[in-house]
Every structure is written in structure tokens, then in C-alpha cells.
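A short worksheet on the structure shown next.
Just so it is clear, the values below take in all heavy atoms, side chains as well, and ignore hydrogens, waters and symmetry mates. Nothing here was measured: the structure is a model prediction, and the numbers come from that model. One is the number of the first residue; the rest follow in order along the sequence.
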Amino acid sequence: MSKKIHSQDLASSIESWIKERLSVKSEVFNGLPPCPYAQSAWLEGKVKTHHLDGKFPLQTHIPAEIENHTYHWPKGCEVVVLGFDPLSILPSHLSEIIDETHPMLSKRGYTALEDHPFEREEVNGVWLNNGTWALILIQPTEKLVEARQWLETKNYYKNWDPSYKESVQSR
């Protein structure tokens, strides 16, 4: 399969995830969807997807792509999504790579969040993972903090386990 087909599959999967899971309102999130910002960002073309095809070892390819995207941030973009085969990396290894890039990300004003289908993330029974791809979502930290503060005012986190909330917000 060509690189272009994999890139289209990733973008299609992200679009479905946003429409079918992240944008569906739920009482678990006080009547808001799991990610109230995802659908508008997607529809406005502010999400860039990039498929890592496995030509290079992920141990070095992921940090290189994070560094590249944060140095050359796409104009008008709110989120860069790196996607790759989940069979190519364990969730714990993915977390380690993200942890290792944290100082560089912090210095540049970005946050990277990982999502791996083998590590189920849910709040009160609402499944949040993409489920198909291993992902890294890179975002400007300032916008992420602003969004979290706004969500806090809407009682969005009322059903979150406090330790899960802390682990998500400390990333």
C-alpha cells in the first residue's frame, strides 16, 4: 500500500473519531462532548495529520517529527496528529518517548499527548481513544491551558476520577 493511502486512512480515521466519539454530547461531561473543540478545528482545517510509515525506528522518528512540527508549526493549525501502527510500539514506550521530548516541547510552548489503542482511556464508561492508530497529538500549551480552564468553569470534569484528571492535565 502506498504512503498516500496510509495518510488518507489516518485522516479518515481521525475524522471518524472526531465525528463519532469526540463530538457526541454526554452527561458524563456535563452535556458537553468529550472534546468540545475537535469538530470545529477539523472542519476549519486546523488539524494536520501526518502518517509515520515505519521506514525509520519510532524511537528516533517520533522525536524528530515532534521537533520538526514544533519548529515549523503549520500556519493556522491548532493540532498536529502523528499517527502510526499501534503494533509497532507499546503504550509504555510511547509514553517514555513523549516524556523524553517534554523539555524541548515545554521550551517551545507545546504539549504532546499520546493515545494508544492498547491503553484504554475512558471517563465513566465513555471511551475516548481513537482505537485504530497509535497517536501523538501536539498542541500549543497556551491554547490547551485556556481550553482546560474554560472546561473547568462548565463543570466538565465533574465525573472524572481525580487521579485520572491529574494525570491527563499534567501531561
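Linking Ile, Leu, Val, Met, Phe, Trp and Tyr whenever their side-chain heavy atoms come within less than 4.5 Å leaves Leu137 and Val80 in two separate clusters. Taken together through direct or relayed side-chain contacts under 4.5 Å among Ile, Leu, Val, Met, Phe, Trp and Tyr, Ile98 and Leu144 form parts of separate hydrophobic clusters. Linking ILVMFWY side-chain heavy atoms closer than 4.5 Å, directly or via other members, places Leu10 and Val47 in a single hydrophobic cluster.
We find the NZ-CD1 distance between Lys19 and Ile14 to be 13.0 Å, quoted to the nearest 0.5 Å. Annotation: the span from His69 atom NE2 to Leu82 atom CG amounts to 6.0 Å, rounded to 0.5 Å. Atom CG of Leu135 is separated from atom CG of Asn129 by 9.0 Å, given to the nearest 0.5 angstrom. Distance check, rounded to the nearest 0.5 Å: CD1 of Ile66 to CG of Leu105 gives 5.5 Å.
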Test side-chain contact (heavy atoms from CB on, under 4.5 Å) on Val168 and Leu113; report intermediate values, then the result. CA-CA 8 Å; Val168 169; Leu113 305 172; 5.9 Å; no

From CA spacing to verdict: side-chain contact (heavy atoms from CB on, under 4.5 Å), Val81, His50: CA-CA 6 Å; Val81 181; His50 183 77; over 6 Å; no

Run the side-chain contact (heavy atoms from CB on, under 4.5 Å) check on Trp17 and Thr132 step by step: do they pass? CA-CA 9 Å; Trp17 179 42; Thr132 304; over 6 Å; no

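No donor-acceptor distance shorter than 3.5 angstrom exists from the side chain of Ser16 to the backbone of Ser13, with no hydrogens or angles considered. In this structure, the side chain of Asn159 engages the main chain of Val28 through a donor-acceptor pair within 3.5 Å. At distances below 3.5 Å, at least one donor-acceptor pair connects side-chain atoms of Ser167 with backbone N or O atoms of Tyr164.
The minimum heavy-atom distance linking Pro86 with Pro117 is given by the pair CB-CG, 3.6 Å. The two residues Cys77 and Val79 have their closest heavy-atom pair at SG-O, 3.1 Å.
In this structure, the ring of Trp133 has its center less than 6.0 angstrom from the ring center of His51.
Through side-chain heavy atoms spaced under 4.5 Å, either directly or across other Ile, Leu, Val, Met, Phe, Trp or Tyr residues, Phe56 is tied to no other residue. Through side-chain heavy atoms spaced under 4.5 Å, either directly or across other Ile, Leu, Val, Met, Phe, Trp or Tyr residues, Tyr71 is tied to no other residue.
Within the structure, every pair that satisfies the salt bridge (Lys or Arg N to Asp or Glu O under 4.0 Å) test and touches residues 115-134, not counting sequence neighbours, is listed here: Arg120-Glu122, Glu121-Arg171. For residues 34-47, the set of pairs meeting the salt bridge (Lys or Arg N to Asp or Glu O under 4.0 Å) definition, not counting sequence neighbours, comprises Glu44-Lys46, Lys46-Glu78. Pairs engaging residues 66-77 under the salt bridge (Lys or Arg N to Asp or Glu O under 4.0 Å) rule: Glu67-Arg108 [sequence neighbours left out]. Legend: side-chain hydrogen bond (donor to acceptor under 3.5 Å, both in side chains) pairs involving residues 137-150, not counting sequence neighbours, sorted by first then second residue: Thr111-Thr141.
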Under 3.5 Å, sequence neighbours excluded: what are the donor-acceptor pairs made by side chains of residues 29-42?
unit_1	atom_1	unit_2	atom_2	d
Asn30	OD1	Lys158	NZ	3.3
Asn30	ND2	Lys154	O	2.7
Gln39	OE1	Ser23	OG	3.2
Ser40	OG	Tyr37	O	3.3
Trp42	NE1	Glu15	OE2	3.4

Please tabulate, one pair per line, all N/O donor-acceptor pairs under 3.5 Å involving side-chain atoms of residues 88-97, not counting sequence neighbours.
unit_1	atom_1	unit_2	atom_2	d
Ser88	OG	Asp85	O	2.5
His93	NE2	Gln59	OE1	2.3
Ser95	OG	Pro91	O	3.3
Ser95	OG	Glu114	OE2	2.7

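Listed by chain and residue number, Trp73 satisfy the ring pair (Phe, Tyr, Trp, His ring centres under 6.0 Å) test with Tyr110 (two or more places apart in sequence, or in another chain). Applying the side chain to side chain donor-acceptor pair (under 3.5 Å) criterion to Glu152, with sequence neighbours excluded, gives Lys165. With sequence neighbours left out, the side chain to side chain donor-acceptor pair (under 3.5 Å) criterion links Thr60 to no other residue. Residues satisfying the side chain to side chain donor-acceptor pair (under 3.5 Å) criterion with His61, sequence neighbours excluded, are Glu65.
Using a 30° and 60° split on the angle between ring planes, Trp160 and Tyr157 fall in the perpendicular class, above 60°.
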